[in-house]
Asks: 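Sharing a structure, written as structure tokens. Questions coming.
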Amino acid sequence: MVPEPVTASTHAPASVGIQATPQQAWALASLIAGDASYRLGRWIGQKFQYPRPMDPPQITGTLPGRPAAVTLHGSDGRVATLCLDLDTSKALKHVVDADAAQLATMLRKAGVAFVEDFSPSGGRHLYIPLRERMDAAEARELVEALSLVATSLDPSPHQNITDGCIRVPGSAHKFGGHQTLITPLAQAYDVLRRRNSPGAIRSLKADLAPELTRNRARKARESKMVTAQRSATPWPITAAAGSEAPLRRIARTGLYDTARYKSPSEARMAVLSHFASCGWTREQVQNELGGQFCGLAGLYGTTSKQERLLPTEWAKAQAFTANRTAPKDTLRRVGEKTALINNTSPTELTGGASKRSPAAIHQLVNDLENIVFAVLDHRLQTRGRESLGLRLLMRGLLGYMRAMQTDVLDVGCRTLAVAMGKHHVTIARLLPILAKASDGILTKVADARHKAADVYVIQLPEHYQQLARELTWRKGQIHAVRPVFRALGDVAALIYEAIERGRHSPTTADLVRTTGISRNAVAIALADMESLAMIKRHGRHWKVATVNLINLAARLGVLDDYQAHISRNRRERAAWHAYLDRFRDGYVNELDLYDAERDEYWMPPGDESALWLAA
């Protein structure tokens with residue numbers, strides 16, 4: 001919804017023009033504050049703070065002579081205004097300006113009116129006045145969700161119910177100057193008097209559904225970890241654990257460790273070399289400089305400097321990473337012709353077998369999909385909750401089979417774990433069960449040894465061939481667990497697949513019958529996906545909405561977990577290979593050495609169907 005244009009309020013003084021003085025702008029303080037008092041700032045040690053006074057001064061029409069901040073929460077713990085603090089201490093000014101523009105666009109799209117100002121230090125404040133005061137917990141949740149959209153947004157003022165405060169328009173700055181209004185004073189006064197209706201805030205929450213879901217999932221994980229620590233129960237460390245990799249932080253915020261990089265040029269080259277080693281192209285990096293890589297763009301200073309230096313620096317980064325890549329023959333010992341270098345290497349045939357053509361593999365996978373949907377899924381449904389993992393694992397194997405154009409698979413458990421969003425121990429447990437329950441479709445033909453994984457053959461048993469020919473191939477492409485369903489769960493993955501690949505738009509009852517999942521679980525998954533605009537209802541029937549699942553996964557924070565999972569696999573493989581090399585010779589290849597920054601994989605943008613194959 002596009003908000004109606006705001007007209008100048010008749011309550012605004014007639015003498016107020018577009019350029020507001022600090023004294024005039026301070027008149028808005030009482031309309032922003034949670035209560036009628038403010039705090040004066042002063043230096044305490046090396047930090048400028050706004051301590052809580054014994055007798056806080058009341059907000060009047062007189063502008064304080066020192067930096068002053070109003071408190072956000074009232075005595076009832078509720079807030080009258082959502083205050084978004086875009087801080088240059090969290091990102092470069094280039095990123096702050098880009099975040100302010102992005103938030104402004106999002107707020108206008110949701111029909112939310114706001115007031116904006118800027119600081120002499122380059123920071124920005126956005127004020128969202130509320131017609132109905134909001135609970136502190138609800139306000140904190142909403143601001144924390146917005147902080148996932150804007151890198152430079154500091155949610156701490158709304159995270160402290162007793163001392164959360166913010167400098168308002170007109171207030172003096174600690175280094176000189178004043179907080180300056182961007183919104184014309186008459187318009188700002190009108191917005192703060194009219195304020196935003198609950199309907200506009202509900203619209204904003206609907207737009208922030210992925211970020212709200214992401215934060216709730218994070219807090220649930222943290223709660224479980226705390227509970228496990230208190231009960232002395234070991235809690236498995238997942239791929240989501242750990243902070244953001246240093247080079248990714250530089251690319252997003254533009255802030256870097258001056259002890260490691262002496263200048264912005266060195267920091268830029270480190271980031272560009274990282275992207276080059278991860279398979280990015282210059283066009284992909286350039287397209288993101290106005291998006292998620294605002295920090296990298298800010299390190300160039302100006303647009304003209306960026307356009308002049310980026311091609312040269314990218315060429316240097318590619319040359320540098322190419323020189324660090326060892327030739328293939330250095331990965332083997334002298335005299336060894338068939339040593340596998342990792343657990344995803346293609347198995348070499350020993351003779352007596354003919355390789356299937358890509359067309360034959362394509363037809364075989366289509367026939368196997370028919371058998372999986374018609375027979376195997378129903379057979380696995382009797383295994384309870386374990387059936388969800390088994391059914392998705394079978395889909396992952398078929399997807400890998402189609403992508404690699406082979407029916408002989410030696411894919412390792414860790415690679416499958418990335419595709420499934422699970423721990424590799426879980427995959428190792430499910431594979432033998434699936435092989436036994438598949439009725440001859442999946443057969444193990446060789447055990448894992450050294451760096452080679454178990455070898456499986458996927459085939460269509462003779463007793464299923466007639467049925468496969470009689471069934472019509474289904475539209476669409478088979479997937480394991482796409483990144484977005486790492487956050488939504490296996491049930492949602494199967495429900496979405498049933499809607500996406502169904503021959504007709506199914507009803508809720510149809511989904512319960514075809515998937516074998518309980519009606520309550522189906523209803524919860526449908527509600528979650530509908531709130532994220534992944535599916536939509538037409539009468540009693542469900543259809544897939546036109547939403548980019550990769551972008552949605554990024555907003556849910558899943559891609560960070562996904563990339564961390566890939567990086568963890570690389571470290572564990574390197575450790576295992578180093579252990580095996582102790583029994584061979586003294587040579588250690590450079591690629592076996594782990595570097596905390598270089599080896600943090602960052603997936604380049606591309607087709608989501610091939611994402612997990614890079615693991």
Side-chain angles (χ1 to χ4, degrees), residues 21-23 25-93 95-96 99-100 115-128 136-137 139-140 143-144 146-147 150-181 243-244 249 253-259:
T21 65
Q23 177 66 47
W26 174 255
L28 305 176
S30 60
L31 298 175
I32 296 174
D35 63 13
S37 64
Y38 66 90
R39 298 181 182 182
L40 294 173
R42 60 187 175 89
W43 288 98
I44 302 178
Q46 300 295 321
K47 190 173 182 181
F48 194 87
Q49 301 182 39
Y50 295 88
R52 185 191 314 171
M54 293 294 295
D55 187 16
Q58 300 297 299
I59 299 175
T60 64
T62 303
L63 175 67
R66 291 161 48 191
V70 302
T71 54
L72 301 186
H73 303 85
S75 57
D76 58 353
R78 299 163 73 86
V79 299
T81 305
L82 296 176
C83 299
L84 310 183
D85 181 10
L86 306 180
D87 199 341
T88 51
S89 67
K90 292 178 66 67
L92 292 181
K93 184 179 182 301
V95 181
V96 170
D99 286 345
V115 174
E116 185 178 7
D117 67 9
F118 70 91
S119 166
S121 64
R124 297 281 192 98
H125 291 168
L126 274 66
Y127 308 96
I128 304 174
R140 173 177 178 167
V143 173
E144 286 178 343
L146 287 166
S147 70
T151 303
S152 60
L153 175 57
D154 181 9
S156 60
H158 279 281
Q159 291 174 331
N160 192 330
I161 194 172
T162 58
D163 297 309
C165 56
I166 193 168
R167 285 184 301 105
V168 292
S171 175
H173 191 268
K174 59 186 176 183
F175 294 129
H178 294 79
Q179 203 76 15
T180 305
L181 265 177
S243 58
E244 187 178 27
R249 190 179 305 112
T253 67
L255 303 180
Y256 58 91
D257 182 4
T258 55

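When reading the values below, keep in mind they use all heavy atoms of this one structure, side chains included, and skip hydrogens, waters and symmetry mates. Residue indices begin at 1 and follow the sequence shown. These numbers were taken from a predicted model, which means no experiment stands behind them.
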Asks: Counting only pairs under 3.5 Å, give me each side-chain donor-acceptor contact of residues 42-54, with atom names and distances, residues two or more places apart or in other chains.
Replies:
residue, atom, partner, partner atom, Å
Arg52, NE, Asp163, OD1, 3.0
Arg52, NH2, Asp163, OD1, 3.1
Arg52, NH2, Asp163, OD2, 3.1

Asks: Sequence neighbours left out, cut at 3.5 Å: what donor-acceptor pairs do the side chains of residues 75-85 make with other protein atoms?
Replies:
residue, atom, partner, partner atom, Å
Asp76, OD1, Arg78, N, 3.1
Arg78, NH1, Asp135, OD1, 2.4
Arg78, NH2, Arg133, O, 2.7
Thr81, OG1, Ile32, O, 3.1
Thr81, OG1, Arg195, NH2, 3.1
Asp85, OD1, His125, NE2, 3.2

Asks: Side-chain atoms of residues 165-175: list all donor-acceptor pairs with protein atoms under 3.5 Å, sequence neighbours left out, distances to 0.1 Å.
Replies:
residue, atom, partner, partner atom, Å
Arg167, NH1, Gln179, OE1, 2.5
Arg167, NH2, Gln179, OE1, 3.3
Ser171, OG, Ala68, N, 3.0
Ser171, OG, Ala68, O, 2.7
His173, ND1, Phe175, N, 3.1
His173, NE2, Ser119, OG, 3.4

Asks: Contact between Thr253 and Val95 at the side-chain level, heavy atoms closer than 4.5 Å - yes or no?
Replies: no
Asks: Identify, with sequence neighbours excluded, every residue that meets ring-ring contact (aromatic ring centres under 6.0 Å, His included) alongside Tyr256.
Replies: none
Asks: Looking at Gly123 and Thr88, what are the two nearest heavy atoms and their distance?
Replies: N-CG2, 3.8 Å
Asks: Show the nearest heavy-atom pair for residues Val70 and Ala33, with the distance to one decimal.
Replies: CB-CB, 3.7 Å
Asks: Using the side-chain hydrogen bond (donor to acceptor under 3.5 Å, both in side chains) criterion, which residues pair with Thr60? Sequence neighbours excluded.
Replies: none
Asks: In chain order, what residues pass the side-chain hydrogen bond (donor to acceptor under 3.5 Å, both in side chains) check against Thr62, with sequence neighbours excluded?
Replies: none
Asks: Looking at residues at least two apart in the chain, or sitting in another chain, which of them share a salt bridge (Lys or Arg N to Asp or Glu O under 4.0 Å) with Lys90?
Replies: none
Asks: Who passes side-chain hydrogen bond (donor to acceptor under 3.5 Å, both in side chains) against Ser89, sequence neighbours left out?
Replies: Asp87
Asks: Using the salt bridge (Lys or Arg N to Asp or Glu O under 4.0 Å) rule, collect all pairs that involve residues 28-37, keeping only residues at least two apart or in two chains.
Replies: none
Asks: What's the spacing between Arg140 CZ and Leu72 CG if we round to 0.5 Å?
Replies: 13.0 Å
Asks: So, taking the atom named CD1 in Ile59 and the one named CG in Leu31, what distance separates them when rounded to the nearest 0.5 Å?
Replies: 9.5 Å
Asks: Please examine the side chains of Tyr127 and Asp117, heavy atoms only from C-beta on, and report whether any two atoms are closer than 4.5 Å.
Replies: yes
Asks: Of the non-hydrogen atoms in Pro22 and Leu63, which two are nearest, and what is the gap between them?
Replies: CB-CD2, 3.8 Å
Asks: Roughly how far apart are Leu86 CG and Leu146 CG, rounded to 0.5 Å?
Replies: 10.0 Å
Asks: Given 3.5 Å as the limit, does a donor-acceptor pair link the side chain of Thr180 with the main chain of His178, or not?
Replies: yes
Asks: Restricting to side chain to side chain contact (heavy atoms under 4.5 Å, CB included), what partner residues turn up for Asp257, sequence neighbours left out?
Replies: Ala259, Arg260
Asks: What are the two closest heavy atoms between Gly41 and Arg66, and how far apart are they?
Replies: O-NH2, 3.2 Å
Asks: For Ile161, enumerate each residue passing the side chain to side chain contact (heavy atoms under 4.5 Å, CB included) test, keeping only those at least two apart in sequence or located in another chain.
Replies: His73, Ala136
Asks: Please identify each residue that fulfils side-chain hydrogen bond (donor to acceptor under 3.5 Å, both in side chains) with Gln159, with sequence neighbours left out.
Replies: Glu144
